[in-house]
Amino acid sequence: MMEATHLILDNNQHLADAPLRIRKPRTGMTTPAQNSIIDAMFRAPADSNYVISRWCFQQGLYRDFYWNAAQTIEKYLKASLLSNGRSAVRPMPGARTYGHDLEALFATMKGYTDDLVPEELVCPNAISHAEPPWRTEETAAFIARLNALGDPNNRYAVGGFNSDWTDLFKFDQVVFSLRRVSLELEGDAFIPGPDGRHEMTNRKLLRDHPQFMPKDGGLTKLFGKDASPELRAAALDRNLAFAPKDHEHSSFRAGWSSSNPILYIRIIEPSTFQQKSAELADLADWVVENIYLPPDARQQINEAGARLRP
């Protein structure tokens, strides 16, 4: 039985008997009205996307996992940028827009989060015995993989995927750290205590309490004790970042899964055999004329069709 190494709902209670209250930030980066928009448009949808992503992985729907995982990460990153006085459109006036580029969003966020987001994703002790072994990966590299595997074009199986059993655990770690920094880091946090209220910035609060999750009300609705059994299972099973310590996890089998894109199988791979086929060349033409493809994929299909044409 796996045991969670991090807590969320339980650990928030050790800071004080009363709930954490965050007042209007002294820096003035965001107003209460702006925060309500950030919550409704980015953080809350990200929380839902997170649970959907985990369910997809648990069910073996890996392509859908990467698509929803990329959506999750994008929304948390944009919530962080907006909460900390940055634009979620572009890094600076006149610069190229972020769009859905997770790597660009992550690079901007790393400029102000310091050590609050880990540089590497390391194996939790609870699964250190698993075979094949965990491969330590830089957080930026994992974000780059999600950026590729969760590309919007991959919704249509334009690209393939290679899924590693550790990806779900790494995803949980990344979400845990990114969600924590999706609030204004220089804003004021008041910690109630027996000898009065202790004022500190959110940055210091997160640094001093690395397992604390702020603004966890939305998560509680999704997988707290009053949530449906199905939602709790999707959100918490094998979740070593968020699950309460007493949560019972199911067993898992370590391994990999992969899939080559259908356009590679049907057109590109046959074109490498130096055999001519009018039928396959016509198929390549049909794909280019009738299916939207990103420019690089379109070029590959055109080149394959030319090689196949008798």
Side-chain angles (χ1 to χ4, degrees), residues 2 4 6 8 41-79 100-103 105-106 121 124 126-127 130 132 134-135 137 139 141-179 182 213 218-224 227-243 247-262:
M2 296 192 298
H6 299 287
I8 166 178
M41 293 185 66
F42 296 94
R43 190 179 294 105
D47 290 344
S48 298
N49 289 156
Y50 176 47
V51 177
I52 293 170
S53 303
R54 301 196 86 259
W55 182 85
C56 288
F57 193 97
Q58 293 165 1
Q59 303 303 316
L61 303 174
Y62 298 115
R63 192 183 303 279
D64 297 284
F65 163 73
Y66 290 114
W67 162 246
N68 283 284
Q71 289 287 301
T72 302
I73 298 302
E74 179 182 341
K75 292 182 177 73
Y76 283 134
L77 287 170
K78 289 182 175 178
H100 304 291
D101 190 341
L102 304 185
E103 293 178 82
L105 290 163
F106 183 74
L121 304 172
I127 56 172
W134 177 288
R135 180 175 60 86
E137 186 173 13
T139 305
F142 181 78
I143 294 290
R145 282 205 295 122
L146 274 189
N147 202 41
L149 294 171
D151 183 275
N153 290 299
N154 223 12
R155 289 176 294 174
Y156 302 98
V158 172
F161 68 84
N162 289 290
S163 178
D164 188 281
W165 70 272
T166 64
D167 283 352
L168 182 62
F169 296 99
K170 291 177 178 179
F171 177 55
D172 291 334
Q173 290 184 17
V174 171
V175 167
F176 189 87
S177 62
L178 294 187
R179 196 184 189 282
S182 68
M213 178 60 68
L219 294 177
T220 302
K221 291 180 181 178
L222 287 171
F223 51 83
S228 70
E230 293 81 9
L231 275 178
R232 282 181 58 81
L236 298 178
D237 190 33
R238 311 174 205 167
N239 192 335
L240 304 183
F242 284 90
H247 187 82
E248 293 188 7
H249 299 275
S250 68
S251 59
F252 71 95
R253 183 176 63 183
W256 296 275
S257 180
S258 64
S259 174
N260 285 325
I262 188 64

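This chain uses plain numbering: 1 for the first residue, then up along the sequence.
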Point to revise | Nearest heavy-atom neighbours spanning Ala234 and Gln58 | key: O-NE2, 3.1 Å
Practice item. Could you tell me whether the side chain of Tyr76 reaches within less than 4.5 Å of the side chain of Val174, counting heavy atoms only? Key: no
**Study point:** Residues Asn49, Gln71; criterion side chain to side chain donor-acceptor pair (under 3.5 Å); working and verdict
**Key:** CA-CA 7 Å; Asn49 289 156; Gln71 289 287 301; 5.8 Å; no
Point to revise | Euclidean distance, Leu236 CG relative to His247 NE2, rounded to 0.5 Å | key: 5.0 Å
Check your understanding: Checking Asp237 side chain against Ala233 main chain: does a donor-acceptor pair fall under 3.5 Å?
Key -> no
Practice item. Output the distance between atom CZ (Phe176) and atom CG (Leu240), rounded to the nearest 0.5 Å. Key: 12.0 Å
Check your understanding: Any side-chain heavy-atom pair from Tyr66 and Ser53 closer than 4.5 angstrom?
Key -> no
Study note, to complete from the structure: Correct closest heavy-atom pair for Val158 and Asn153 would be CG2-O, 3.3 Å
**Study point:** Side-chain heavy-atom pair Leu105, Glu74 within 4.5 angstrom cut-off
**Key:** yes
Check your understanding: For the residue pair Trp165 and Trp134, does the interplanar ring angle fall in the parallel (under 30°), tilted (30 to 60°) or perpendicular (over 60°) class?
Key -> perpendicular
Review point. Is Arg238 paired with Asp172 through a side-chain N to carboxylate O contact shorter than 4.0 Å?
Key: no
Practice item. Could you check Leu146, Leu77, Ile73 and say which one makes a side-chain contact (heavy atoms from CB on, under 4.5 Å) with Phe106? Key: Leu77
Practice item. Kindly indicate, with the supporting measurements, whether the criterion side-chain contact (heavy atoms from CB on, under 4.5 Å) is fulfilled by Leu168 and Phe65. Key: CA-CA 9 Å; Leu168 182 62; Phe65 163 73; 4.1 Å; yes
Check your understanding: Has the side chain of Gln173 got a donor or acceptor atom that lies under 3.5 Å from a matching backbone atom of Ala241?
Key -> no
Study note, to complete from the structure: For Phe142 and Asp167, the nearest pair of non-hydrogen atoms, with its separation, is CZ-O, 3.8 Å
Exercise for review: Would you check if the side chain of Asn147 reaches a backbone N or O of Asp101 as a donor-acceptor pair within less than 3.5 Å?
Suggested key: no
**Study point:** Arg179 side, atom CZ; Leu219 side, atom CG - distance, nearest 0.5 Å
**Key:** 3.5 Å
**Study point:** Exam field: side chain Arg232 to backbone Ala227, donor-acceptor pair closer than 3.5 Å
**Key:** no
Check your understanding: Which distance, rounded to the nearest 0.5 Å, do you find between the CD1 of Ile52 and the CG of Asp64?
Key -> 10.5 Å
Practice item. For the pair Tyr50 and Phe242, name the ring-plane relationship: parallel under 30°, tilted 30 to 60°, perpendicular over 60°. Key: tilted
Study note, to complete from the structure: Value for CZ (Phe171) from CG (Asn68), rounded to nearest 0.5 Å, stands at 8.5 Å
Review point. Looking at side-chain heavy atoms only, is the closest gap between Arg54 and Phe57 below 4.5 Å?
Key: no
**Study point:** Presence of salt bridge, Asp47 and Lys221, under 4.0 angstrom
**Key:** no
Revision key, fill the gap. In short, Arg63 meets Ala157 closest at the heavy-atom pair NH1-CA, 3.5 Å
Review point. Which heavy atom in Pro261 sits nearest to a heavy atom in Gly159, and how many Å separate them?
Key: CB-C, 3.7 Å
Point to revise | Between Tyr62 and Asp164: side-chain donor-acceptor atoms closer than 3.5 Å | key: no
Study note, to complete from the structure: CZ (Phe169) and CG (Asn239) are apart, to the nearest 0.5 Å, by 9.0 Å
